[in-house]
Amino acid sequence: MNKPLTCRNYINGQWRSAQSGKFFESLNPANWGECIANVPLSSEADVQAAVVAARQAYLSWRLVPAPVRSEIIHQIGQGLSSRKEELASVMSREMGKVLTEAQGDVQEGIDCAFYYAGEGRRLFGQTTPSELSNKFAMTMRMPIGVAALITPWNFPVAIPCWKALPALVCGNTIVFKPAKDVSACATLLTEIFADAGVPPGVFNLVHGSGPEVGQSLTTHPEIDLVSFTGSSQTGAEVAAICGRSHKRVSLEMGGKNAQIVMEDANLELALEGAIWGAFGTTGQRCTATSRLILHRDIKADFTSKLLEKTSKLQLGAGTNPNTDVGPLINEAQLNRVKHYLEVAREEGATVLTGGKVAQGSGLEQGYFFEPTILDNVTSQMRVAQEEIFGPVVSLIEVKSFEEAIAVLNDSRYGLSSAVYTQNVNRAFQAMRDIEAGITYINGPTIGAEVHLPFGGVKATGNGHREAGSAALDIFSDWKTVYVDFSGQLQRAQIDNR
Ligand code: UN1
């Protein structure tokens, strides 16, 4: 067992304890006897110090040329690369995901860094003709100011990078509030930012709870922008607060992602996709497959093969190389999944496999839940409508492609979606008709790449997209500039008519 890390807040370039002097523990979800880190339990006073530092640093950071900001972001990419194994190993112990997935999470951060490092030499605006003579027109991006980044525990490196790196390249300064369960990962990430040469005050880290630190940030008058990833319920509260104070807010919230398998699909491929989409990261992705919409002609065959593959999945600590499915993040999440199993039974769904807390050697001190498949689920049931965020997938039978699309769209969420079919016409209809921010054809619902927009429609988001060049629209404002070099007053819409 490793010695617990002592975490600190990072404010104005200094590592500091919380002003309260209080700490909380971040525990290993696969072995709750192991403390991964002692973490400052911050309060409004710490938020205040971080926001003051970020506000002060903004004055100079916004004037650093974007290609120079990019050099620091490039260094962050290098730092992430050289500490990839260390970060992945801490992540696997602290968050529970299997080591290869933890490495993938860090890799997503690395890819993101190199992508946005390049963006500093683009940040393109437009030039366009003016309708008047001797007049020039163009657009340029301006930073927003001080950004609060509130991030979840399921992607402890990738998601903070998705937010922080475009925010930095655009010239904003940051107060970062990670989820409590992944405080050690957030600390290592912040070390990498500091070592890369991010100037004091530009990137600040405040550990602590949502109700205390998150709330103080969203209500703080000197915060200009909040970027939040988490539940739709919390996101709605964040949006309401930001709406009242005219803060820009970008929300990435729940999902109830579905994979359709048509009768013409390559079933082996669809099976692999379903297993990876439903049980990868123990179902704790906003993009996880939680509904399998199966054409009736293949349902029986598909289901028996799915059961066979599921029975082979190995539960255990993420750090064990034989593990396929790690623990849930904490007790609250375990209770949530247990609760949904009760709901499923009450609603009349059939538990084909799993459905209970996992027992067995090595699993006694962790939040392990068996990979679970629910059958006889109809679209109206709560288990088909509400986000569970665990290793639980519901099977829904359909008679036609049209019905499959209608069932997939019968959701308040719209993040990711997948269709397995060999029919090109159906593939294109699916791309057009599915109500989701992401659609995969013959691939699972998980696996977004950093240079493409990420986000969803309906209750999943509020119209913004993270990643790719789309994220620049979250972290910058357009300025339109007219330069009149005629030496006289020219009245648009009047003098040229
Ligand atoms: C999330 O679940 O919050 O596409 C993000 C994926 C990952 C990102 C998931 N690249 O599943």
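No experiment lies behind these values; they were computed from the predicted model shown. All ligand and atom numbering here is 1-based and tracks the order in the structure.
- Every atom of ligand 1 with a heavy atom of Thr287 under 4.0 Å away is listed here by number and element: 2 (O), 4 (O), 6 (C), 9 (C), 11 (O).
- Between Arg122 and Glu119 there is a salt bridge, since a side-chain N of the basic residue sits under 4.0 Å from a carboxylate O of the acidic one.
- Annotation: Phe203 is in aromatic contact with Phe176 [ring centroid separation under 6.0 Å].
- If you number the atoms of ligand 1 from 1 as listed, the ones under 4.0 Å from a heavy atom of Ala448 come out as 4 (O), 6 (C), 10 (N).
- Using a 4.0 Å cut-off to heavy atoms of Arg285, the atoms of ligand 1 that qualify are 2 (O), 6 (C), 7 (C), 11 (O).
- Not one N or O of Tyr440 is nearer than 3.5 Å to an N or O of ligand 1, by distance alone.
- Under the ring-ring contact (aromatic ring centres under 6.0 Å, His included) test applied with Phe389, the options Tyr340, Trp153, Phe369 reduce to a single match, Trp153.
- Interface atoms of ligand 1 facing Asn154, defined by a heavy-atom separation under 4.0 Å, are 1 (C), 2 (O), 3 (O).
- At a heavy-atom cutoff of 4.0 Å, ligand 1 is contacted by the side chain of Ile159 but not by its backbone.
- Taking the ring centroids of Tyr367 and Trp32, they lie under the 6.0 Å cut-off.
- Looking from atom 9 (C) of ligand 1 to the surrounding protein, the closest heavy atom is Phe155 CE1, 3.6 Å.
- In terms of protein heavy-atom proximity, atom 10 (N) of ligand 1 is closest to Glu108 OE2, 3.0 Å.
- Salt-bridge annotation for Lys97 and Asp105: present, with a side-chain N of the basic residue lying under 4.0 Å from a carboxylate O of the acidic one.
- Every heavy atom of Thr229 sits 4.0 Å or more from the atoms of ligand 1.
- Between Ser70 and Arg121, the closest heavy-atom pair is OG-N, 4.3 Å.
- Between Trp162 and ligand 1, no N or O atom pair is found at a separation short of 3.5 Å.
- For atom 1 (C) of ligand 1, the closest non-hydrogen atom of the protein is Cys286 SG, 3.0 Å.
- Contact of the Ile446 side chain with the Asn257 side chain is not registered, since no non-hydrogen atoms from C-beta on lie closer than 4.5 Å.
- Of the charged side-chain nitrogens involved, none lies within less than 4.0 Å of a carboxylate oxygen, so that Arg382 and Glu347 do not count as a salt-bridged pair.
- Residue contact check: Gly447 has heavy atoms under 4.0 Å from atoms 4 (O), 6 (C), 11 (O) of ligand 1.
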